[in-house]
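What follows is one structure encoded as structure tokens, with my remarks underneath.
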2 protein chains.
Amino acid sequence: MTSQAADGPETVASSRRSKITPEREREFFDAVLDQIRECGYDSVTMEGVAASTRCSKSTLYRQWKTKPQFVAAALRASSRVRFGGIDTGSLAGDLCEAARAAGDWSGKDTRLLQSLGHAITADHALKGVLREALVDPEIAALQEMLRRGVERGEVRADHPALEYVPAMMFGVLRIRPVLTGQYADADYLVGFVEAAVLPALGLT
Amino acid sequence: MTSQAADGPETVASSRRSKITPEREREFFDAVLDQIRECGYDSVTMEGVAASTRCSKSTLYRQWKTKPQFVAAALRASSRVRFGGIDTGSLAGDLCEAARAAGDWSGKDTRLLQSLGHAITADHALKGVLREALVDPEIAALQEMLRRGVERGEVRADHPALEYVPAMMFGVLRIRPVLTGQYADADYLVGFVEAAVLPALGLT
DNA sequence: TCGTTTCGGTACGCATACGTATCGATGAGT
DNA sequence: ACTCATCGATACGTATGCGTACCGAAACGA
């Protein structure tokens with residue numbers, strides 16, 4: 001798709017020969033993560049990434065020794081804390097906002113996690129990178145919300161449902177495609193928070 | 001001839017085997033599902049299954065045309081409804097009992113689903129088989145529990161949390177290894193039902 | 001007892017992918 | 001303008017796995 005017009009050999013700057021820039025590196029990372037989402041970790045090939053980014057295998061292998069190391073670098077680079085900036089002043093507001101935020105990237109991240117599926121249990125390094133780059137920060141941010149809610153007195157610190165909130169949030173996110181065939185969107189997740197999570201916490 | 005005893009069919013007849021019996025077939029199915037759990041779908045090889053069951057590749061390919069068809073047959077044969085026989089008389093009791101039951105096979109089934117990961121999105125036939133053999137029956141059984149609860153008047157039919165119960169149950173099951181590194185056991189699941197699911201349904 | 005069936009073992013062809021090596025082309029610094 | 005580092009292309013060696021073909025041997029039925 002988006003194939004460029006067949007250009008003369010001397011036209012168009014499509015031939016990149018300069019040193020790899022950070023932007024160029026991000027193209028590689030985006031490409032490999034996209035292919036993982038689409039084909040699964042095992043089916044992703046260095047050749048495929050090279051072709052889709054119009055670079056050569058050599059270029060990839062010059063930067064990263066092996067495929068797992070390449071994927072790990074891509075995961076690390078795509079690390080973001082999506083629950084990070086949320087602080088509405090109430091736990092209910094925070095959780096709803098988190099649900100809304102989650103709906104936006106649910107498809108991409110859920111699919112990535114799904115497609116990495118078994119690879120993360122086979123390759124310890126990959127598993128570690130995935131956890132510290134994508135999983136742990138989100139959990140920490142979510143638990144920070146809960147901590148603030150407890151601090152404000154909205155929920156008792158020993159409320160039995162507290163420890164299950166992260167599992168509920170991420171679990172529902174991840175299981176939706178299996179149950180209904182579609183990824184969880186913001187509406188669904190907000191509805192879930194309002195109908196199940198908040199009541200479980202006694203925040204009707 | 002027949003100087004060797006080797007009479008009983010179940011006396012560790014190591015060498016040759018006669019026509020494939022249903023028990024023998026189950027050995028093949030168990031082997032391939034075990035290997036999927038351990039190595040992931042893509043890494044499972046017909047050669048590996050043949051070696052671990054001490055049969056030959058030819059034997060496998062005589063029964064099943066391709067690897068996906070073989071795996072599909074194995075999934076179909078392993079179909080069971082684990083939430084099937086549960087009916088304690090109350091919704092709370094049913095859900096707790098389901099949680100307990102789920103704890104028993106959580107590791108195996110969660111791992112299988114995880115290791116099939118992307119394969120089910122790539123191979124439509126596999127996806128269909130997995131759904132109708134392992135997923136849909138459980139969902140149906142769970143919803144039957146909920147239906148009975150509504151019928152008994154324990155929960156209002158339009159209770160907003162109702163539609164999220166399957167997602168909560170299976171979602172938490174599936175996400176636990178990602179969050180804590182261990183599979184959900186019966187204690188954890190029962191605790192989750194009591195602390196989160198029942199309160200969300202207003203069943204204190 | 002004898003023939004038919006099916007098994008287990010193995011070799012083969014084909015395809016794919018990893019990772020390496022080589023080579024010409026080209027952009028960047030001086 | 002010249003040199004050097006790096007890029008893109010490509011060929012190569014190795015390994016692996018799918019699916020097929022062939023063969024001798026063992027089991028089952030008549």
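These figures come from a predicted structure and were not determined experimentally. Each chain gets a letter, A, B and so on, in the order the sequences are listed, and its residues count up from 1.
Across the interface with DNA chain D, nearest-nucleotide mapping of F28(A) and D42(B) shows F28(A) to be the residue nearer the 5′ end. Each of R62(B) and K19(B) was assigned the nucleotide of DNA chain D with the nearest heavy atom; the assignment lying further toward the 5' end belongs to R62(B).
With 3.5 Å as the limit, one finds a donor-acceptor pair spanning the side chains of T21(A) and E23(A).
Atom pair K67(A):NZ and dA15(D):P shows a separation of 19 Å (rounding to whole Å applied). Taking atom CG of L60(B) as the reference point, atom C1' of dT10(C) lies 15 Å away to the nearest angstrom. Computed from coordinates, the M46(B) CE to dG9(C) P distance equals 16 Å when rounded to whole Å. One interatomic measurement links the two molecules: CZ of F70(B) to P of dG17(D), which rounds to 16 Å at whole-angstrom precision. Distance Y61(B) OH to dG17(D) P: 11 Å, rounded to the nearest Å. Put simply, CZ on R54(B) is 10 Å from P on dG9(C), counting in whole angstrom units. The distance between atom CD of E27(B) and atom P of dC7(C), rounded to the nearest whole Å, is 14 Å. Distance I20(B) CD1 to dT6(C) C1': 9 Å, rounded to the nearest Å.
Nucleic acid contact class of K57(A) (heavy atoms, under 4.0 Å, all strands): base. Using a 4.0 Å heavy-atom distance criterion, S58(A) is classed as a base contact.
Within the 4.0 Å cut-off from OP1 or OP2 of dG8(D), at least one side-chain nitrogen or oxygen of T59(A) is found. Here Q63(A) reaches the OP1 or OP2 of dC7(D): one of its side-chain N or O atoms lies under 4.0 Å away. For the OP1/OP2 pair of dT6(D) and a distance below 4.0 Å, the side-chain nitrogens and oxygens of R24(A) include no atom meeting the criterion.
Judged purely by atom type and a 3.5 angstrom limit, Q35(A) uses its side chain to pair as donor or acceptor with the backbone of G48(A). Within the 3.5 Å criterion, the main-chain N or O of L126(A) finds no donor-acceptor partner in the side chain of R131(A).
Under 4.0 Å is where a charged nitrogen must lie from a carboxylate oxygen, and between D109(B) and R82(B) at least one such pair does.
Classified by interplanar angle (parallel below 30°, tilted 30° to 60°, perpendicular above 60°), the ring pair W64(B)/F28(B) is perpendicular.
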